[in-house]
Amino acid sequence: MKIATWNVNSLKVRLPQVLAWLGENSGIDALCVQETKLRNEVFPAEDIRAAGLHCAFNGQKTYNGVAILARRPLADVVCDIPGFADEQKRVIAATMDGVRLVNVYVVNGQEVGADKYAYKLRWLAALRAYLDNALAQHPALAVLGDFNIAPDDRDVHDPAAWAGKILCSDAERDAFRALLALGLEDTFRRFEQPEATFSWWDYRQAGFRRNLGLRIDHILVSAPLAVRCAACAVDKTPRGWERPSDHAPVVATFDAAPV
DNA sequence: ATGGCTTCTCGTAGAAGA
């Protein structure tokens, strides 16, 4: 089984790339996308179904928005963080093949100390409580998405320049570690990885060509899935395509479930 | 560098992203 996450920065613009990528990567069973920026009424569900995929989506106009595209049916779809008052559409969860998929688009935060930064930390605390409960209900649980946090300095092209800045501040990294402390593992760090592997590059300054990036898109899994995890890697290919998203997809591979 | 680039909007400039 393979699962993936990709911040597409507008599904309206990127749908052809998403379908092309899934066509070229037929082994991927479920893809979580973020920043769809589409109201549910205009979500391209028919185009996705025409490509032989199932989908579940939770969106709004202009900002945010998340969706799951899957080879097989999605069950028990839950939108948002139940009990947490939030207008912004940042979470959708569903079960495929017995695996609970939680797709998250974590708040960016804009700048350390800003109102949006306080919202980010409050939002992460609510996510932690939600995942604590979800882990109790679903032994095989994966949290995939754009976390907008570079967990440590290995995940930053220029740690000195980013020290203490948004996406890298201590409070954000503490919040990320608090998610892991629930019993989740960062699949990427289970394996040897090339140095300077990132999942996002700024559109400006030829960031991708110069590999000026951050690793902020993650796939975290519960212990029963972690022991089955065989690989995790960033696929930089679509970032090099014409008119790309600023993020690249991340893919985690799992051995079949033991019987 | 308060920059750069890309996306969105009852657009044509400003906000937001990261």
Side-chain angles (χ1 to χ4, degrees), chain A residues 5-18 21 32-44 57-67 86-91 103-124 127 144-176 188 196-218 234 236 238-250:
Chain A
T5 179
W6 190 6
N7 181 324
V8 295
N9 185 17
S10 169
L11 189 60
K12 181 179 178 178
V13 173
R14 230 69 67 189
L15 181 63
Q17 293 192 19
V18 169
W21 187 72
C32 293
V33 297
Q34 302 86 36
E35 287 207 85
T36 57
K37 304 186 182 181
L38 292 172
R39 292 156 44 231
N40 289 346
E41 292 73 17
V42 296
F43 189 87
F57 42 93
N58 181 29
Q60 66 184 89
K61 190 177 67 173
T62 311
Y63 302 115
N64 311 312
V66 286
D86 189 3
E87 296 299 307
Q88 304 191 8
K89 301 303 185 184
R90 296 179 173 279
V91 181
N103 177 13
V104 301
Y105 175 48
V106 175
V107 176
N108 173 282
Q110 198 166 50
E111 189 181 1
V112 173
D115 288 348
K116 288 175 183 173
Y117 182 74
Y119 166 55
K120 180 177 194 172
L121 297 179
R122 202 165 62 242
W123 195 94
L124 284 163
L127 178 66
L144 310 89
D146 177 357
F147 285 72
N148 269 317
I149 301 171
D152 68 59
D153 283 350
R154 290 176 294 175
D155 305 312
V156 181
H157 69 92
D158 185 345
W162 282 85
K165 298 275 184 14
I166 196 66
L167 315 184
C168 300
S169 72
D170 288 343
E172 291 166 272
R173 287 175 168 178
D174 287 348
F176 185 81
F188 184 83
T197 297
F198 308 122
S199 65
W200 169 86
W201 301 261
D202 202 305
Y203 284 125
R204 298 166 291 189
Q205 289 185 300
F208 181 63
R209 181 178 60 73
R210 301 162 64 201
N211 199 30
L212 307 179
L214 303 173
R215 189 177 72 93
I216 56 178
D217 301 271
H218 308 299
V234 176
K236 290 167 69 169
R239 187 62 177 79
W241 289 348
E242 197 79 16
R243 203 180 181 188
S245 168
D246 43 357
H247 295 251
V250 181

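In what follows, chains carry the letters A, B, and so on, assigned in the order in which the sequence lines appear, proteins first and then strands, with residues in each chain numbered from 1. What you see is a predicted model; the values in this text were computed from it and never measured.
Between B/dC10 and B/dG14, the two C1' atoms lie 16 Å apart (nearest whole Å). Nucleotides B/dG3 and B/dA16 place their P atoms 14 Å apart, quoted to the nearest Å. Spacing of P atoms, B/dG4 relative to B/dA15, comes out at 14 Å, to the nearest Å. A gap of 24 Å separates the C1' atoms of B/dG11 and B/dT2, to the nearest Å. Atom P of B/dT7 sits at a distance of 14 Å from the matching atom of B/dA18, rounded to the whole Å.
Listed by first then second residue, pairs satisfying salt bridge (Lys or Arg N to Asp or Glu O under 4.0 Å) with a partner in residues 107-121 of chain A read A/K120-A/E172, not counting sequence neighbours.
Partners of A/D86 under the salt bridge (charged side-chain N to carboxylate O under 4.0 Å, His left out) rule, at least two apart in sequence or in another chain, do not exist in this structure. For A/F43, the ring pair (Phe, Tyr, Trp, His ring centres under 6.0 Å) partners at least two apart in sequence or on another chain are A/F57. In this view, A/K12 and A/S10, A/L38 satisfy the side-chain contact (heavy atoms from CB on, under 4.5 Å) rule, not counting sequence neighbours. Residues satisfying the ring pair (Phe, Tyr, Trp, His ring centres under 6.0 Å) test with A/Y105, not counting sequence neighbours, are none.
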Check your understanding: Can you give one letter per nucleotide of nucleotides 8-18 of chain B, 5' to 3': B if a protein heavy atom sits under 4.0 Å from the base, S if only from the sugar-phosphate, - if neither?
Key -> SSS-----SBB
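One can place CH2 of A/W201 at 16 Å from C1' of B/dT6, the figure rounded to the nearest angstrom. The interatomic distance linking A/E242 (CD) with B/dT6 (P) rounds to 10 Å, in whole Å. Whole-Å rounding puts the A/R210 CZ to B/dG4 P distance at 15 Å. Put simply, CD on A/Q17 is 14 Å from C1' on B/dT7, counting in whole angstrom units.
The only member of A/D146, A/T5, A/N64 that meets side-chain hydrogen bond (donor to acceptor under 3.5 Å, both in side chains) when paired with A/Q34 is A/T5.
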